[in-house]
Amino acid sequence: MRKSPTARRALIVQNNLSPFGNKLVKSGFVNKDKMQQALIESRQSNKPLTQVLEGLTGKQLPPDLIREYKKQQLFELKILYGVDSLDPEISQIDTTQVDELINTLIPIDICRRYQLVPLSKKTNPPSVLVAMVDPDNLAALDDLKLVLRPHGWEMQRMVITQEDYQQIISKYLDEEVKRQSKPKKKEEKFDLEIDFNDLETSMADEGDDEESDVDLNKELKDAESPRVIKLVNKILAKALTDGVSDIHVEPQQKDLRVRFRKDGVLQEPFKRFPKSIVNALTSRFKIISNLDIAERRKPQDGRISRKFQGRKVDFRVNTLPARYGEKIVLRILDNSSTQLGLDKLITSEETLAQVREMASRPFGLILVTGPTGSGKSTTLYSILAERNDPGVNISTAEDPIEYALPGINQVQVIREKNMDFSSILRAFLRQDPDIILVGETRDKETAKTAIEAALTGHLVLTTLHTNDAAGAIARLEEMGVEPFMVSGALLGVVAQRLMRRVCSECRIAYTPTLEELARYGLSASKEAGVTFYKAKTIPPDARGDLKEKGELCPKCSGVGYKGRCGVYELLQVTENLQVLINAGAPTERIKEAAVEEGMVTLLAYSLNLVREGKTTLEEVERVTYTDTGLEAELKAKRKVGLTCKTCSAGLQQEWLECPYCMTPRFTD
């Protein structure tokens with residue numbers, strides 16, 4: 001492990017005092033023992049020696065001794081690193097040049113990450129002088145080369161003390177804060193229109209380059225070109241303005257496609273981009289995500305942080321090599337747009353009360369299931385937000401940490417350092433936790449550890465990928481967890497989906513046909529008085545003209561839907577279900593028993609949302625109806641002469657519940 005500059009300076013003096021130390025002892029400011037103690041403490045804590053001395057003695061060092069110490073410090077640094085040292089008190093720093101270099105060449109985040117300051121540049125030979133606290137920091141040198149080489153600049157190094165660096169960078173940051181705090185004459189607006197002709201002419205079309213022919217220097221220059229930077233910023237800004245959850249950047253055979261996922265559905269907000277910008281745009285996204293632009297054969301994960309309209313927004317970035325180039329997907333993590341609270345998610349008062357009662361238990365296991373993007377994390381965070389109290393110790397293991405929750409101990413999974421879910425969970429058990437959240441249970445070890453924690457006095461929350469609530473029990477058994485442990489630890493399972501809300505401004509009331517009602521297990525007599533709605537969806541190519549005429553819905557912009565609502569299926573483990581789980585009953589039997597005891601299925605819950613005017617039957621078809629696996633059964637529903645006792649629909653003998661009204665029992 002590389003030693004810090006302070007530690008390496010201490011190695012120079014070892015057990016002998018430096019001239020500065022001897023001078024302090026002779027002056028009577030400190031005795032030899034305390035001087036040795038100060039050297040050791042400075043080395044171990046990485047604090048300046050002067051600060052440690054003043055803390056030990058309770059006295060302030062005289063200015064002449066501080067100056068003497070600094071001279072010795074700079075001399076040692078110069079010998080240690082083999083480069084010139086910078087003393088701002090002697091060498092005047094041109095703050096105008098520093099400001100220009102930070103704004104145009106070496107960003108402030110690199111300066112702060114590696115503790116360096118760009119001082120000046122000269123043209124013959126073209127080079128930039130950089131003062132660094134640690135001039136041998138290899139990561140810093142690599143990143144600086146990536147920044148400087150595309151512009152043809154070389155780097156010259158100087159060494160600077162930690163104190164002087166802090167003083168210089170603090171002055172710059174103070175000036176930056178003053179500039180940003182000045183009132184703007186006009187509210188900042190984002191120009192979200194993209195000039196495609198400008199993009200076409202900005203870059204020469206290189207065709208489909210072979211990987212071996214890629215010129216990284218050229219790619220870096222293209223990625224740093226103002227047009228590409230502006231394009232990337234516009235894509236990010238438009239995504240945040242439109243309130244999307246994901247950005248897909250997808251190279252195609254003849255062009256580049258950018259799509260946004262909004263309310264769970266992918267949309268194409270831009271015309272196709274020219275093929276010639278694929279490499280530059282990909283490189284730009286990888287640069288700002290701190291990814292390796294030279295690595296094209298393996299997937300990579302990164303992160304972008306940006307400020308937008310006064311709030312901080314993170315983008316989780318993943319690259320994937322594909323046939324026509326690297327596909328990039330950015331997941332937007334915007335804390336300000338997430339409303340935590342179970343009452344904001346669950347519209348059914350009965351289901352809400354049941355989930356809250358389950359989450360208030362002192363120990364046990366709660367599972368939340370559903371596909372990716374179904375809102376599982378938001379549900380878990382909402383439970384934690386309601387249980388978050390100074391008297392409760394809550395710890396979470398996440399990959400990644402999506403939202404910061406004040407008062408909760410959140411731990412990031414780092415597999416490269418063997419910090420996976422199971423190892424973090426084992427560490428939690430030695431941290432006196434009350435509530436534990438495990439971001440995802442993927443393997444036998446994590447599942448068993450979570451259940452053991454739930455059986456020994458902890459409330460454990462985690463997620464699984466299953467189609468419905470009952471399927472979670474079979475999934476745990478597939479992982480190798482014994483049925484008796486599942487039945488003893490499991491409090492309940494919440495299965496969920498997200499369904500688009502029909503726009504309340506432009507929705508269209510209509511009367512479904514008898515065939516439509518029958519398809520979803522509804523009858524005209526039972527639904528009398530219920531108002532059904534369709535979405536008024538305008539084709540994308542027609543929205544522009546309607547917008548110019550002022551005839552486009554201002555709320556949904558012609559999509560027909562605005563926002564999403566949750567669909568929930570809550571399976572609570574009762575004594576009857578515990579017996580079935582211990583006996584190894586199949587998923588179908590467990591689901592049947594749960595419905596008999598009052599469980600509302602995903603399909604039934606979503607149909608209730610239709611009755612309430614929150615969504616449409618088309619959304620039920622898209623989100624929950626296909627999940628029930630009833631399509632094939634509906635086609636053959638007349639094969640057996642059985643009739644549902646509730647709605648008189650024809651049924652098959654092997655059905656566990658009526659697909660129309662969800663009645664679990666039927667008669668012949």
Side-chain angles (χ1 to χ4, degrees), residues 187-194 231-250 257-271 285 288 303-318 328-341 344-345 347 370-379 381-382 400 402-404 496-507 535-540 543-544 546-547 552-567 609 614-616 618-619 622-623:
E187 185 181 352
E188 183 180 3
K189 292 185 178 179
F190 289 89
D191 175 16
L192 301 180
E193 298 299 323
I194 295 173
L231 173 59
V232 168
N233 289 339
K234 283 183 176 181
I235 291 173
L236 298 180
K238 182 166 179 59
L240 293 171
T241 302
D242 290 355
V244 308
S245 61
D246 302 86
I247 303 170
H248 292 242
V249 182
E250 303 167 316
R257 178 174 67 180
V258 174
R259 294 191 290 174
F260 291 168
R261 186 178 295 279
K262 184 175 182 180
D263 294 336
V265 178
L266 282 169
Q267 304 170 358
E268 199 166 345
F270 307 115
K271 293 189 297 181
F285 275 114
I288 62 178
R303 201 177 183 100
I304 302 171
S305 291
R306 288 289 182 269
K307 282 191 175 180
F308 180 75
Q309 295 179 349
R311 68 183 192 270
K312 182 184 176 185
V313 181
D314 289 332
F315 299 82
R316 194 173 71 203
V317 184
N318 176 264
I328 300 177
V329 176
L330 300 91
R331 166 64 60 89
I332 299 175
L333 308 174
D334 186 358
N335 288 5
S336 63
S337 65
T338 302
Q339 294 185 329
L340 298 182
K344 296 181 176 66
L345 306 176
T347 57
T372 301
S374 60
K376 300 187 297 295
S377 296
T378 304
T379 298
Y381 281 133
S382 295
E402 296 190 12
Y403 305 105
Q496 67 179 79
R497 301 288 187 275
L498 287 177
M499 185 175 290
R500 290 186 296 174
R501 288 179 180 268
V502 65
C503 177
S504 59
E505 296 295 323
C506 64
R507 62 187 181 180
K536 186 180 179 181
T537 302
I538 309 298
R543 291 173 193 168
L546 291 176
K547 187 175 182 180
L552 198 65
C553 175
K555 184 173 182 179
C556 70
S557 300
V559 176
Y561 296 92
K562 181 68 174 179
R564 289 192 285 180
C565 51
V567 180
L609 294 176
K614 292 184 171 68
T615 189
T616 64
E618 288 78 10
E619 274 297 284
R622 185 181 71 87
V623 177

Trainee: Would a distance-only check, ignoring hydrogens and angles, find a side-chain to backbone donor-acceptor pair under 3.5 Å from T537 to V559?
Mentor: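 Checking the backbone N and O of V559 against the side chain of T537, a donor-acceptor pair under 3.5 Å is found.
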Trainee: Kindly give the heavy-atom pair with the smallest separation between V502 and A535, and that separation in Å.
Mentor: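 Where V502 meets A535 most closely, the heavy atoms are CG2-CA, 4.0 Å.
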Trainee: Does any non-hydrogen side-chain atom of F285 lie less than 4.5 Å from one of L330?
Mentor: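 The answer is yes; the side chains approach within 4.5 Å.
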Trainee: Between atom CZ of R331 and atom OG of S245, what is the distance when rounded to the nearest 0.5 Å?
Mentor: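 That separation rounds to 6.0 Å.
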Trainee: Quick one: does S557's side chain get under 4.5 Å of K562's, heavy atoms only?
Mentor: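 The answer is no; the side chains never approach within 4.5 Å.
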Trainee: Using every non-hydrogen atom in the two residues, find where S382 and L345 come nearest and quote the distance to one decimal.
Mentor: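 Nearest pair, atom of S382 first, then L345: OG-CD1, 3.4 Å.
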Trainee: Mind checking side chain to side chain donor-acceptor pair (under 3.5 Å) for K555 and listing every partner two or more places apart, or none if nothing turns up?
Mentor: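 K555 satisfies side chain to side chain donor-acceptor pair (under 3.5 Å) with S504 only.
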Trainee: Could you list the residues that satisfy salt bridge (charged side-chain N to carboxylate O under 4.0 Å, His left out) with R564, not counting sequence neighbours?
Mentor: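 For R564 there are no salt bridge (charged side-chain N to carboxylate O under 4.0 Å, His left out) partners, ignoring immediate neighbours.
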Trainee: For a quick test of reading the model, state the closest non-hydrogen atom pair linking Y561 to D263 and the distance between them.
Mentor: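 The answer is O-OD2, 4.2 Å.
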Trainee: Can you check whether L236 reaches F308 side chain to side chain, under 4.5 Å on heavy atoms?
Mentor: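 With C-beta onward as the side chain, the pair stays apart.
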Trainee: Testing the basics here: between V244 and I332, what is the closest heavy-atom pair and its distance to 0.1 Å?
Mentor: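 Result for this residue pair: O-CD1, 3.5 Å.
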Trainee: Nearest 0.5 Å please: distance from the CZ atom of R303 over to the CG atom of L333.
Mentor: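 Those atoms lie 5.5 Å apart.
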Trainee: Show the nearest heavy-atom pair for residues K238 and P269, with the distance to one decimal.
Mentor: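 In this case the closest contact between K238 and P269 is CE-CB, 3.8 Å.
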Trainee: Flag the pair R306 / I288 as yes when at least one side-chain heavy-atom distance between them is below 4.5 Å, and no otherwise.
Mentor: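 Side-chain contact under 4.5 Å: yes.
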Trainee: R259 pairs by side chain to side chain donor-acceptor pair (under 3.5 Å) with which of E250, H248, Q267, E268?
Mentor: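 The passing option is E250.
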Trainee: Answer yes or no: is there a side-chain heavy-atom contact under 4.5 Å between V258 and I247?
Mentor: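 Sidechains of I247 and V258: in contact.
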Trainee: According to side chain to side chain donor-acceptor pair (under 3.5 Å), who are the partners of R261, at least two apart in sequence or on a separate chain?
Mentor: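 Here no residue qualifies.
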Trainee: Between OG1 of T378 and NZ of K376, what distance do you get to the nearest 0.5 Å?
Mentor: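 Those atoms lie 10.0 Å apart.
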Trainee: For the CZ atom of R500 and the CZ atom of R622, what is their distance to the nearest 0.5 Å?
Mentor: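 Reported value, rounded in 0.5 Å steps: 5.0 Å.
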Trainee: Rounded to the nearest 0.5 Å, what separation is found between the CD atom of Q496 and the OG1 atom of T379?
Mentor: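 It comes to 3.5 Å.
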Trainee: Going from CG on L266 to CG on D246, what distance comes out if it is rounded to the nearest 0.5 angstrom?
Mentor: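 Interatomic distance, L266 CG to D246 CG, rounded to 0.5 Å: 8.0 Å.
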Trainee: For S305 versus K312, what's the shortest heavy-atom pair and its separation?
Mentor: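 Shortest heavy-atom separation between S305 and K312 comes out as OG-CE, 3.9 Å.
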